[in-house]
Amino acid sequence: MKMDYIINPVKMGGLVKEVTEEKVKVHLHGRLGVIKVPPSLIITEEPLEVGHEMEFYFSYIQVVENPYDYDASDMTTDHEPEPCLLGGKITEVNDTAIEVAIMNNLGSVAVPRRWAFTPVVLEEGQDVEFYFSCMKVIGKCDIPAEMI
(Lines give C-alpha, C1' and ligand atoms only; values in the text may rest on other atoms or scores of the structure.)
Protein backbone atom coordinates (compact mmCIF):
# COMPACT_ATOMS: atom_id res chain seq x y z
CA MET A 1 0.00 0.00 0.00
CA LYS A 2 1.55 3.28 -1.10
CA MET A 3 0.50 6.56 0.45
CA ASP A 4 1.63 9.89 -0.93
CA TYR A 5 1.71 13.00 1.19
CA ILE A 6 2.94 16.43 0.37
CA ILE A 7 5.27 17.64 3.06
CA ASN A 8 5.48 21.41 2.87
CA PRO A 9 7.97 23.43 4.86
CA VAL A 10 6.52 26.07 7.17
CA LYS A 11 8.22 28.82 9.13
CA MET A 12 8.46 27.80 12.78
CA GLY A 13 9.95 29.15 15.96
CA GLY A 14 11.55 28.01 19.15
CA LEU A 15 13.66 29.05 22.11
CA VAL A 16 17.25 28.08 22.80
CA LYS A 17 17.31 25.93 25.95
CA GLU A 18 20.98 24.91 25.98
CA VAL A 19 24.20 25.91 24.21
CA THR A 20 27.44 23.90 24.12
CA GLU A 21 30.37 23.85 21.70
CA GLU A 22 28.85 20.79 20.00
CA LYS A 23 25.12 21.53 19.99
CA VAL A 24 22.33 24.02 20.40
CA LYS A 25 19.12 22.61 21.89
CA VAL A 26 15.97 24.40 20.72
CA HIS A 27 12.52 23.77 22.22
CA LEU A 28 9.83 24.32 19.59
CA HIS A 29 6.98 26.67 20.46
CA GLY A 30 3.75 24.95 21.48
CA ARG A 31 5.56 21.97 23.02
CA LEU A 32 5.96 20.52 19.54
CA GLY A 33 9.36 18.98 20.11
CA VAL A 34 13.08 19.55 20.48
CA ILE A 35 15.69 20.08 17.79
CA LYS A 36 19.42 19.77 18.46
CA VAL A 37 21.81 21.19 15.86
CA PRO A 38 25.48 22.15 15.71
CA PRO A 39 26.17 25.88 16.26
CA SER A 40 27.35 26.04 12.63
CA LEU A 41 23.67 25.95 11.54
CA ILE A 42 22.74 29.11 13.48
CA ILE A 43 22.59 32.52 11.79
CA THR A 44 23.51 35.11 14.40
CA GLU A 45 25.64 38.22 14.79
CA GLU A 46 25.98 37.85 18.55
CA PRO A 47 27.10 35.06 20.89
CA LEU A 48 24.38 32.44 21.18
CA GLU A 49 22.60 32.31 24.56
CA VAL A 50 19.80 30.48 26.32
CA GLY A 51 16.55 32.33 25.61
CA HIS A 52 17.38 33.36 22.05
CA GLU A 53 14.32 33.23 19.84
CA MET A 54 14.88 31.16 16.69
CA GLU A 55 13.12 31.12 13.32
CA PHE A 56 13.53 28.35 10.72
CA TYR A 57 11.72 26.14 8.23
CA PHE A 58 10.54 22.66 9.11
CA SER A 59 8.00 20.16 7.78
CA TYR A 60 6.27 16.96 8.70
CA ILE A 61 8.46 13.85 8.49
CA GLN A 62 7.77 11.18 5.89
CA VAL A 63 9.02 7.60 6.09
CA VAL A 64 10.53 6.58 2.73
CA GLU A 65 11.43 3.15 1.41
CA ASN A 66 13.91 4.38 -1.20
CA PRO A 67 15.68 7.50 0.08
CA TYR A 68 17.07 10.02 -2.40
CA ASP A 69 20.66 11.14 -2.56
CA TYR A 70 19.82 14.24 -0.49
CA ASP A 71 21.89 17.39 -0.88
CA ALA A 72 22.60 19.42 2.27
CA SER A 73 24.81 21.98 0.52
CA ASP A 74 22.19 24.71 1.04
CA MET A 75 22.40 24.29 4.83
CA THR A 76 24.70 27.30 5.18
CA THR A 77 24.46 30.48 7.24
CA ASP A 78 25.58 32.85 4.49
CA HIS A 79 21.98 33.61 3.46
CA GLU A 80 18.47 33.76 4.92
CA PRO A 81 17.05 30.38 6.00
CA GLU A 82 15.84 28.38 2.98
CA PRO A 83 14.05 25.03 3.27
CA CYS A 84 16.16 22.08 2.15
CA LEU A 85 14.90 18.50 1.68
CA LEU A 86 17.00 16.32 3.98
CA GLY A 87 17.12 12.67 4.91
CA GLY A 88 17.52 10.98 8.24
CA LYS A 89 16.96 7.81 10.23
CA ILE A 90 14.55 7.15 13.07
CA THR A 91 16.64 6.48 16.19
CA GLU A 92 13.85 6.18 18.75
CA VAL A 93 10.12 5.45 18.76
CA ASN A 94 7.95 5.55 21.87
CA ASP A 95 4.24 5.92 22.67
CA THR A 96 4.19 9.65 22.05
CA ALA A 97 7.20 10.71 19.98
CA ILE A 98 9.92 9.82 17.52
CA GLU A 99 13.52 10.97 17.32
CA VAL A 100 15.33 11.30 14.01
CA ALA A 101 19.08 11.63 13.40
CA ILE A 102 19.52 14.19 10.62
CA MET A 103 21.89 13.19 7.80
CA ASN A 104 25.54 14.36 7.74
CA ASN A 105 25.60 14.74 11.54
CA LEU A 106 23.39 17.83 11.31
CA GLY A 107 21.72 17.05 14.62
CA SER A 108 18.48 15.44 15.72
CA VAL A 109 14.76 16.13 15.78
CA ALA A 110 12.35 14.83 18.43
CA VAL A 111 8.69 15.43 17.59
CA PRO A 112 5.27 13.96 18.38
CA ARG A 113 4.40 10.79 16.44
CA ARG A 114 1.64 12.64 14.61
CA TRP A 115 4.38 14.54 12.72
CA ALA A 116 5.45 11.34 10.94
CA PHE A 117 3.58 10.17 7.85
CA THR A 118 3.85 6.49 7.02
CA PRO A 119 1.70 3.61 5.79
CA VAL A 120 3.79 1.23 7.94
CA VAL A 121 4.41 0.91 11.67
CA LEU A 122 7.07 3.34 12.90
CA GLU A 123 10.32 1.56 13.77
CA GLU A 124 13.88 2.49 14.65
CA GLY A 125 16.18 2.46 11.63
CA GLN A 126 13.58 3.59 9.08
CA ASP A 127 14.67 6.18 6.51
CA VAL A 128 12.82 9.49 6.55
CA GLU A 129 12.79 12.78 4.69
CA PHE A 130 11.68 16.25 5.69
CA TYR A 131 12.33 19.90 5.02
CA PHE A 132 14.58 21.83 7.37
CA SER A 133 16.69 24.98 7.26
CA CYS A 134 19.37 26.74 9.21
CA MET A 135 18.05 28.62 12.23
CA LYS A 136 18.14 32.40 12.58
CA VAL A 137 18.24 34.33 15.85
CA ILE A 138 15.41 36.88 15.72
CA GLY A 139 15.34 38.10 19.34
CA LYS A 140 15.80 37.26 22.98
CA CYS A 141 13.26 36.09 25.53
CA ASP A 142 13.96 36.92 29.16
CA ILE A 143 12.52 33.73 30.59
CA PRO A 144 14.70 31.81 33.07
CA ALA A 145 16.32 28.77 31.37
CA GLU A 146 14.47 26.31 33.58
CA MET A 147 11.13 27.74 32.37
CA ILE A 148 11.89 27.23 28.65
Side-chain angles (χ1 to χ4, degrees), residues 3-64 67-68 70-119 122-124 126-148:
M3 297 173 70
D4 287 320
Y5 298 99
I6 297 174
I7 53 171
N8 291 318
V10 295
K11 196 174 275 190
M12 294 191 64
L15 286 176
V16 173
K17 171 78 172 181
E18 181 183 327
V19 178
T20 68
E21 286 184 21
E22 296 85 37
K23 75 171 187 228
V24 178
K25 184 176 183 180
V26 177
H27 284 221
L28 305 181
H29 291 318
R31 299 178 53 120
L32 292 177
V34 176
I35 297 178
K36 299 174 190 168
V37 295
S40 61
L41 292 183
I42 309 294
I43 301 167
T44 183
E45 295 178 7
E46 57 188 281
L48 206 50
E49 297 177 4
V50 170
H52 268 135
E53 179 79 28
M54 307 300 272
E55 186 175 81
F56 56 95
Y57 287 94
F58 190 48
S59 73
Y60 286 114
I61 296 170
Q62 181 168 292
V63 173
V64 291
Y68 296 119
Y70 302 99
D71 180 6
S73 61
D74 204 32
M75 294 292 287
T76 63
T77 58
D78 61 356
H79 54 77
E80 288 294 305
E82 288 287 327
C84 185
L85 185 63
L86 299 178
K89 281 207 183 289
I90 295 177
T91 56
E92 184 180 335
V93 178
N94 63 39
D95 291 346
T96 60
I98 66 166
E99 186 166 5
V100 171
I102 306 170
M103 62 184 268
N104 299 353
N105 295 315
L106 293 178
S108 67
V109 175
V111 292
R113 287 177 68 121
R114 67 181 181 273
W115 278 51
F117 286 113
T118 175
L122 290 170
E123 295 177 358
E124 292 178 14
Q126 287 170 320
D127 291 302
V128 297
E129 67 184 18
F130 55 96
Y131 285 96
F132 190 44
S133 71
C134 289
M135 296 181 161
K136 181 178 181 179
V137 173
I138 59 167
K140 181 95 164 61
C141 185
D142 289 325
I143 298 174
E146 58 275 2
M147 300 296 287
I148 296 175

Output a table of donor-acceptor pairs, distance under 3.5 Å, between side-chain atoms of residues 36-46 and any protein atom two or more places apart or on a different chain; print 'none' if there are none.
from	atom 1	to	atom 2	distance (Å)
T44	OG1	E46	N	3.2
T44	OG1	E46	O	3.0
E46	OE1	H52	NE2	3.2

Under the side-chain hydrogen bond (donor to acceptor under 3.5 Å, both in side chains) rule, collect the residues that match up with E129, sequence neighbours excluded. Y70

Find the distance between CD1 (I7) and OH (Y60) and round it off to the nearest 0.5 Å. 11.5 Å

With heavy-atom distances below 4.5 Å as the criterion, would you say the side chains of M54 and I35 are in contact? no

What residues form a side chain to side chain contact (heavy atoms under 4.5 Å, CB included) with N104, not counting sequence neighbours? A72, L106

Step through the shown structure and confirm whether more than 12 heavy atoms of other residues, nucleotides or ligands are within 6.0 Å of CZ on R113. yes

Sequence-distant partners of V10, side chain to side chain contact (heavy atoms under 4.5 Å, CB included), two or more places apart: M12

F58 versus V109: any side-chain heavy-atom pair under 4.5 Å? yes

Taken in chain and number order and not counting sequence neighbours, the residues that satisfy side-chain hydrogen bond (donor to acceptor under 3.5 Å, both in side chains) with T20 are none

Throw together a table of side-chain donor-acceptor distances under 3.5 angstrom for residues 84-103, partners on residues two or more places apart or in other chains.
from	atom 1	to	atom 2	distance (Å)
K89	NZ	D127	OD1	2.6
T91	OG1	E99	O	3.2
N94	OD1	T96	N	2.8
N94	OD1	T96	OG1	3.3
N94	OD1	A97	N	2.7
E99	OE2	S108	OG	3.4

What residues form a side chain to side chain contact (heavy atoms under 4.5 Å, CB included) with E80, not counting sequence neighbours? K136

For E53, all residues meeting side chain to side chain contact (heavy atoms under 4.5 Å, CB included), sequence neighbours excluded: L15, H29, I138

Report yes if some heavy atom in the side chain of V19 is under 4.5 Å from a heavy atom in the side chain of E49; otherwise report no. no

Exercise: identify the closest heavy-atom pair between Q126 and E123: OE1-N, 2.7 Å

Whether S59 side chain and Y131 backbone form a donor-acceptor pair below 3.5 Å: yes

Distance in Å, S133 OG paired with K11 NZ, rounded so as to fall on 0.5 Å steps: 9.0 Å

List for me each residue that meets side-chain hydrogen bond (donor to acceptor under 3.5 Å, both in side chains) alongside K140, sequence neighbours excluded, and say none if there are none. none

Residue set satisfying side-chain hydrogen bond (donor to acceptor under 3.5 Å, both in side chains) with N105, at least two apart, ordered chain then number -> none

